[in-house]
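First the structure, in the form of C-alpha cells, and then the observations on it.
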Amino acid sequence: MDLPRIFTIRESGHRIHNPLTPAKLAALGESLRLAPGTRVLDLASGSGEMLCTWARDHGVTGNGMDISTVFTEQARARAAELGVADRVHFIHGDASSHVADQPVDLAACVGATWIGNGVAGTAELLDRSLRPGGLMVIGEPYWRRTPPDEETATACHAASIADFLELPDLIGQFQGLGYDVVEMTLADQECWDRYAAAQWLTMRRWLDRHPDDELADEVRKALDTEPAQYARGTREYLGWGVFALMKR
C-alpha cells in the first residue's frame, strides 16, 4: 500500500503537495480562527505541513494519515523539526475508510477527494469523524474558465471537462450537500507555478543522479512535455481552493 513511485519522485522536494504557498497555508490557518487544543484529523496528510505548522502556530493537536510511506516519514520528521511531535502524529495507511476514534473539531481532506470517490463521498467520510458543529475542510480543483475542448481539459490532468465545476457551481455543490461555506482560500497562478515548476527541478536533478533508473524514460518525457502543457492548460484554466464547511 503506497503511492506510485513516480509521484514521490516528482514531489520529494515539496513540503506542501498542493498549489498553496506557505503564506497561503498560513493564511488558511488564520482564517479558521483555530483555538489552542483544536483536535484535527487530516486525511491524505502528505508531508504533514498543514498539521505541523498549525500545531506550532495555533496549538492544534491531531492525527494525519497518508498512503505514502515517503511522505509519512517526512511528516514525522517535520513534526520533530518544529517541536510538535508530542501534539501531532502521522500514520501510514489508506485514508479512504478511516474514522477517528473520538470526534474531532476539524476534519480535513485537502486535495485528495479521490479517497471518497469525489466531493460528496469525501464529505460523508469526514463527517463520520466530526463532532456536531465542527469544521470540515476540503481542498478541490475547479475551472477558472471552462476549457474550450476535451484536449485542453486532459492537459489539466482531468479525464474530461465534466470532472470539475466552475467555482460558483462547486460552492453550490457544497451547499447542495447540506453545508454552509464559511471560509475559503484560493490558489492563484503564482501558487500553481510554485507547485508545478518545483516538480520540474526535482525531476531534472533526480534524472541527473539516476540516468539508468527504470523510470528515467518516464521522467525524461515529463520534462520534455509538461512545462509547455502546464503553461497552455493548467495555469490558464484550472483553479484550486480550500473550503471550510459547517453542516446546516
Side-chain angles (χ1 to χ4, degrees), residues 7-8 10-66 68 70-85 87-90 95 104-113 115 119 122 126 134-142 144 167 170 174 181-199 201-202 234-235 238-246:
F7 190 82
T8 53
R10 285 173 166 278
E11 299 204 7
S12 59
H14 286 54
R15 281 184 172 165
I16 304 171
H17 301 287
N18 293 297
L20 283 184
T21 60
K24 285 274 190 178
L25 186 63
L28 171 63
E30 291 170 4
S31 75
L32 299 179
R33 309 173 198 175
L34 300 168
T38 296
R39 294 164 299 165
V40 179
L41 174 67
D42 186 11
L43 297 184
S45 51
S47 294
E49 192 71 1
M50 186 174 79
L51 258 183
C52 290
T53 56
W54 288 3
R56 178 195 63 192
D57 297 340
H58 304 287
V60 308
T61 64
N63 296 315
M65 175 173 281
D66 199 271
S68 168
V70 171
F71 295 159
T72 300
E73 286 304 313
Q74 289 179 344
R76 291 168 179 162
R78 184 63 166 155
E81 178 186 2
L82 296 184
V84 295
R87 281 179 270 162
V88 293
H89 304 93
F90 295 95
V104 299
D105 303 306
L106 188 156
C109 176
V110 179
T113 56
I115 69 170
V119 167
T122 300
L126 293 174
L135 275 173
M136 183 179 297
V137 175
I138 292 180
E140 180 71 359
Y142 61 87
R144 295 178 63 238
L167 181 58
L170 178 57
F174 292 132
V181 178
V182 296
E183 258 295 354
M184 66 181 187
T185 298
L186 304 182
D188 55 23
Q189 288 179 310
E190 170 66 14
C191 293
W192 272 115
D193 292 347
R194 298 282 44 81
Y195 173 64
Q199 294 182 25
L201 180 57
T202 297
T234 303
R235 194 176 197 275
L238 193 60
W240 193 84
V242 184
F243 304 86
L245 315 173
M246 294 184 71

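Between the side chain of Thr38 and the backbone N or O of Ala35, at least one donor-acceptor pair lies under 3.5 Å. At least one donor-acceptor pair closer than 3.5 Å links the side chain of Thr21 to the backbone N or O of Lys24. Between the side chain of Asn63 and the backbone N or O of Leu41, no donor-acceptor pair lies under 3.5 Å. Side-chain N or O atoms of Trp240 include none that pairs as donor or acceptor with a backbone N or O of Cys191 at under 3.5 Å. Ser47 places no side-chain N or O within 3.5 Å of a backbone atom of Glu49 that could act as its donor or acceptor partner. Distance alone, capped at 3.5 Å, places no donor-acceptor pair between the Asp66 side chain and the Thr72 backbone.
A salt bridge links Glu81 to Arg15: at least one charged side-chain nitrogen sits closer than 4.0 Å to a carboxylate oxygen.
Between Phe7 and His17, the ring-plane angle classifies as tilted under the 30° and 60° cut-offs. Aromatic ring orientation, Phe243 versus Phe174: tilted (interplanar angle from 30° to 60°).
One finds the CG atom of Leu82 at 7.5 Å from the OG1 atom of Thr53 (value rounded to the nearest 0.5 Å). Interatomic distance, CZ of Arg76 versus SG of Cys52, reported as 11.5 Å (0.5 Å rounding). Here the CD-OG1 distance, from Gln74 to Thr8, works out to 9.0 Å after rounding to the nearest 0.5 Å.
Considering every non-hydrogen atom in both Ala55 and Val88, the closest pair reads CB-CG1, 3.8 Å. Taking every heavy atom of both residues into account, Gly111 and Asn18 meet most closely at CA-OD1, 3.6 Å. The nearest pair of heavy atoms linking Asp193 to Arg235 is OD1-NE, 2.8 Å. Annotation for Pro19 and Tyr195: closest pair CA-CB, 3.7 Å, computed over non-hydrogen atoms. Contact between Leu51 and Gly64 at its shortest, heavy atoms only, is CD1-N, 3.5 Å. The nearest pair of heavy atoms linking Leu135 to Met246 is CD2-CG, 3.6 Å.
At least one side-chain heavy atom of Glu30 sits under 4.5 Å from a side-chain heavy atom of His58. When side chains are defined from C-beta on, Val110 counts as touching Val137, because their heavy atoms get closer than 4.5 Å. For the pair Ile138 and Leu126, the minimum side-chain heavy-atom distance is below 4.5 Å. Contact of the Glu11 side chain with the Phe71 side chain is registered, since non-hydrogen atoms from C-beta on lie closer than 4.5 Å. Side-chain contact between Asp42 and Met65: absent, with no pair of heavy atoms (C-beta onward) separated by less than 4.5 Å.
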